[in-house]
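Heavy-atom basis, side chains included; hydrogens, waters and symmetry copies ignored. Just so we're on the same page: letters track the sequence lines, and every chain starts at 1. Small disclaimer: the values here were computed from a predicted structure and weren't measured.
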Amino acid sequence: MSSSSESSNFIRDIIVADIESGKHEGRVQTRFPPEPNGYLHVGHAKSITLNFGLASEFGGKCNLRFDDTNPEKEETEYVDSIIEDVRWLGGDFGVKPLYASDYFQQIYDWAVELIRKGKAYVCDLSAEEVRATRGTPTEPGIESPYRNRSVEENLDLFERMRNGEFPDGARTLRAKIDMASPNFNMRDPVMYRILHAEHHRTGNKWCIYPMYDWAHGQCDSIEKITHSICTLEFEDHRPLYDWFVEQLGIFHPQQIEFDRLSLTYTLMSKRKLLTLVQQGLVESWDDPRMPTISGMRRRGYSAEGLRNFARNLGVSKTNGITELSRLEYYIREDLNRTATRVMGVLKPLKVVLTNYPEGQVEWMEAVNNPEDPSAGTRQVPFSRELYIEQDDFREVPPKGYYRLSPGKEVRLRYGYLVTCTDVVKDPATGEVTEIHCTIDPATKGGTTPDGRKVKSTIHWVSAAHAVTATVRLYDTLFTVENPGQAPEGGVFTDNLNPKSLEVITDAKLEPALANAKPLDRFQFERLGYFCVDKTSAADKLVFNRTVGLRDTWAKVEKKG
RNA sequence: UCCCCGAUCGUCUAAAGGUAAGACAGCGGCCUUUGGAGCCGUGAAUCGUGGUUCGAAUCCAUGUCGGGGAGCCA
């Protein structure tokens, strides 16, 4: 929809140039390679949108490939959630996802090949010894005493590693590159470690597992990936990525790095998100306050809105931080087009229409979506006793306030024009408990046959017909723009917003909402967008506020 | 300290040696049966210093600042 207005980016430029030059016969193949060690978050949405978007734009394919080379951190639960999230975002990866673990045998065979070529060796140094001999930024590392073992010995040892003859950590397979390289990644990096751990897919078939650097490029090569797009922190790994495919003489994908997404007030570290879940600081990975795809979906964010956000972010190599308001803009933009309008009162104030007949009910026609005439209309019951929003009445209106107050007239949307005649207060507290109004019978439907202008139109719900619901109002999970950064002497969870969730249990909604189903999205007029929670049931409705409407009055009032 | 990468409105991105543009956010207005949406308008930037060039955001040098890098994590 908004794709036509986008400009190019440096990655697309590279692809265009490659197609023009005939590289890979003009073929474009990308991949999205998550590690199944957590749930996907909005940062991944950017990568998904980019990789699948590029593939589709140039008539290519994008694989979903699990980077499952570390059995100690990876689980099937994560695999399942990732598949669901990628599909929901519209990522078309064909009939099934791929797994690095599917290629373990090929990767092993290639390791043997490198040993035969004298490019890899079995090293008996412990992890501590490897660290101690790696050198520093200014000093070269020290070559391992096992570096010059014979090919035969390396072959034998490596096979025995695979056969489980050695305990965890006893030996590694290392690439023989350059211990003096200024790039640490080239100082004889570990290719395989011994891990007697059960893998979520290969079970106990393997007790040695390839490291990221040794697996990733080879997987890309196997899948004939043309453009392997990853984030900036892998820039230093590119020389190693290239070295492995060159030594093997296999298909050579091009690694291209771009900036990962950072969002204000949002945590993007899987490890820290895991902490929130494990410590019970949020309900779950899909808590609507979480920046996870599943959390955002549950909150009511639409896939289209998320995609538009991601598409319009741009792609570069600068590490910046995007304002949360930008995400909210694209969510609102999409929901404005698509969400059915309804009326709901969050904090009810009883209104009695003193000149409206008791027992009378009129069904008023209401527009379902002014942005989409095909959405049609519905009937909303109107009666003598209504609820309006507490915020829509002020006994003493501040400057610029043009909702209801004593003696003032407002329009009840799709109802009547009403004038406030009386205020009933609790004698003990002085709190307004009820207000009385009179309707102008000539204004049925909210029309003004005399052409009279009213400053304000407010929403309402017929008290007798209202359904009661729980509504959860969310604010940012954190109070600071960069929540990953712990305050002085504290931990990052100190940044949590104690008011990130407000639960309203007696919201009054128009009766049509009684049939709302989980994940249904609505605009509660004048309030915001709301999504039916997955725990909602007909006898216990639960709505999550996705995002509020822009509220200019709140801004005016705040400024005083 | 060494290596790699980066630096354009408040924020995110454009401008491929030739008028610094758009979006979000802000501000002002119009319109409105949502103080929503929409529409119109407006303020706002090339990190510093040298150099090359008729001409530099763009090329070169240098400085500064920011990010990443010494896992048997990815």
Side-chain angles (χ1 to χ4, degrees), chain A residues 2 5-9 13 33-35 37 67 69-70 72-74 123 125-127 130-132 134-139 141 168-174 181-185 187 189-195 208-209 211-213 215-216 230-239 257 259 261 264 270-271 312-330 332-333 336-337 341 343 366-367 370-371 400-403 411-415 417 443 445-448 454-459 523-528 548-557:
Chain A
S2 29
S5 62
E6 289 158 49
S7 48
S8 195
N9 63 64
D13 292 345
E35 182 188 14
N37 66 343
D67 219 332
T69 57
N70 185 355
E72 294 183 325
K73 292 186 178 172
E74 297 152 7
C123 180
L125 257 25
S126 68
V130 168
R131 193 180 316 127
R134 185 144 23 225
T136 70
T138 47
E139 301 162 86
D168 287 2
R171 289 178 223 263
T172 56
L173 183 73
R174 290 226 257 168
S181 172
N183 183 345
F184 281 103
N185 296 124
R187 320 247 263 221
V190 171
M191 294 166 64
Y192 270 101
R193 76 283 216 186
I194 300 173
L195 235 42
I208 58 172
Y209 291 91
M211 298 289 291
Y212 166 83
D213 286 305
H216 201 90
C230 63
T231 42
L232 254 22
E233 69 271 24
F234 293 103
E235 219 154 8
D236 285 337
H237 294 245
R238 182 161 17 102
E257 311 85 13
D259 61 321
L261 171 66
T264 56
K270 275 202 242 178
R271 205 195 92 243
N312 284 282
L313 276 171
V315 179
S316 73
K317 300 186 72 152
T318 59
N319 8 50
I321 181 154
T322 298
E323 289 175 348
L324 187 59
S325 60
R326 195 182 178 87
L327 170 59
E328 293 182 334
Y329 170 83
Y330 285 101
R332 285 195 190 101
E333 185 200 38
N336 175 52
R337 283 195 295 255
R341 270 61 169 174
M343 291 197 284
V367 173
E371 305 293 322
Y401 184 89
Y402 40 84
R403 273 108 97 152
R411 171 187 290 112
L412 295 177
R413 184 135 158 108
Y414 305 125
L417 268 59
T443 60
T447 55
T448 49
V454 269
K455 270 291 219 181
S456 187
T457 298
I458 66 175
H459 60 277
Q523 182 196 95
F524 290 7
E525 292 212 28
R526 305 208 307 129
L527 297 175
L549 252 25
R550 274 186 65 219
D551 190 346
T552 24
W553 163 245
K555 239 175 346 195
V556 170
E557 193 178 32

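- Look at the P atom in both B/rG18 and B/rU34: the space between them is 49 Å, to the nearest Å.
- Atom CG in A/L327 sits 12.0 Å away from atom CG in A/N312 (nearest 0.5 Å).
- One interatomic measurement links the two molecules: OH of A/Y329 to P of B/rG22, which rounds to 15 Å at whole-angstrom precision.
- The pairing partner recorded for B/rA20 is none, the criterion being a Watson-Crick or G-U wobble arrangement whose two distances lie under 3.5 angstrom.
- Cation-pi contact between A/R187 and A/F184: present, with separation from the ring centre below 6.0 Å and deviation from the ring axis of at most 45°.
- Remark: B/rG71 base-pairs with no nucleotide in the shown strands. Criterion, Watson-Crick or G-U wobble with two distances under 3.5 Å.
- Base pairing of B/rG48: its partner is B/rU62, meeting the Watson-Crick or G-U wobble criterion (both donor-acceptor distances under 3.5 Å).
- Among the heavy atoms of the strands, none lies under 4.0 Å from A/S181.
- Of the side-chain N and O atoms in A/R271, none sit less than 4.0 angstrom from OP1 or OP2 of B/rC73.
- On the C1' atoms, B/rC40 is 41 Å away from B/rC59, given to the nearest whole Å.
- Counting non-hydrogen atoms under 4.0 angstrom, A/R341 reaches a base of the nucleic acid.
- Annotated as anti: B/rG51, whose glycosidic dihedral deviates from 0 by more than 90°.
- The base-pairing partner of B/rG28, taking Watson-Crick or G-U wobble contacts with both distances under 3.5 Å, is B/rC40.
- Between A/A215 and A/T69, the shortest heavy-atom distance links the atoms CB-CG2, 3.7 Å.
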A/E235 and A/K317: CA distance, side-chain angles, deciding distance, salt bridge (Lys or Arg N to Asp or Glu O under 4.0 Å) verdict: CA-CA 11 Å; A/E235 219 154 8; A/K317 300 186 72 152; 2.6 Å; yes

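- Nearest-nucleotide positions on RNA chain B place A/L527 closer to the 5' end than the other of A/L527 and A/T136.
- Here A/H237 lies in heavy-atom contact (under 4.0 Å) with a base.
- Partner assigned to B/rU1 is none, using Watson-Crick or G-U wobble distances below 3.5 angstrom.
- If you check every strand for non-hydrogen atoms under 4.0 Å, A/Q523 touches a base.
- A/K455 comes within 4.0 angstrom of nothing in the nucleic acid, heavy atoms only.
- Looking at heavy-atom distances under 4.0 Å, A/R411 makes contact with a base.
- Remark: aromatic rings of A/W553 and A/Y401 are close, center separation under 6.0 Å.
- Within the 4.0 angstrom heavy-atom criterion, base atoms lie near A/R403.
- With RNA chain B read from its 5' end, the first of the two nearest nucleotides for A/F524 and A/P137 is the one closest to A/P137.
- Among the heavy atoms of the strands lying under 4.0 Å from A/D67 are primed sugar atoms or P, OP1, OP2 only; no base atom is included.
- Within 4.0 Å (heavy atoms only), A/Y209 reaches no atom of the nucleic acid at all.
- Counting non-hydrogen atoms under 4.0 angstrom, A/G169 reaches a base of the nucleic acid.
- Ring-base stacking between A/Y212 and B/rA74 is not satisfied when judged by a centre separation under 5.5 Å and a plane angle under 30°.
- Taking atom C1' in both B/rU46 and B/rA14, one finds a spacing of 13 Å when rounded to whole Å.
- Across all strands shown, B/rU53 has no partner, as no Watson-Crick or G-U wobble contact with both distances under 3.5 Å is found.
- In this structure, A/T172 reaches the bases: a heavy-atom distance under 4.0 Å links it to at least one base atom across the strands shown.
- When heavy atoms are screened at a 4.0 angstrom cut-off, A/T69 is found touching the sugar-phosphate backbone but no base atom.
- Residue contacts for A/L313: at a heavy-atom cut-off of 4.0 Å it reaches the sugar-phosphate backbone alone, with no base atom in range.
- Rounded to whole Å, atom C1' of B/rC73 lies 11 Å from atom NZ of A/K270.
- Rounded to whole Å, the C1' atom of B/rA45 lies 12 Å from the corresponding atom of B/rU11.
- Across all strands, A/R134 comes closer than 4.0 Å only to sugar-phosphate atoms, never to a base (heavy-atom distances).
- Comparing B/rG63 with B/rA56, their P atoms are spaced 23 Å from each other, to the whole Å.
- In this model, a side-chain donor or acceptor of A/E323 finds a partner on the base of B/rG10 within 3.5 Å.
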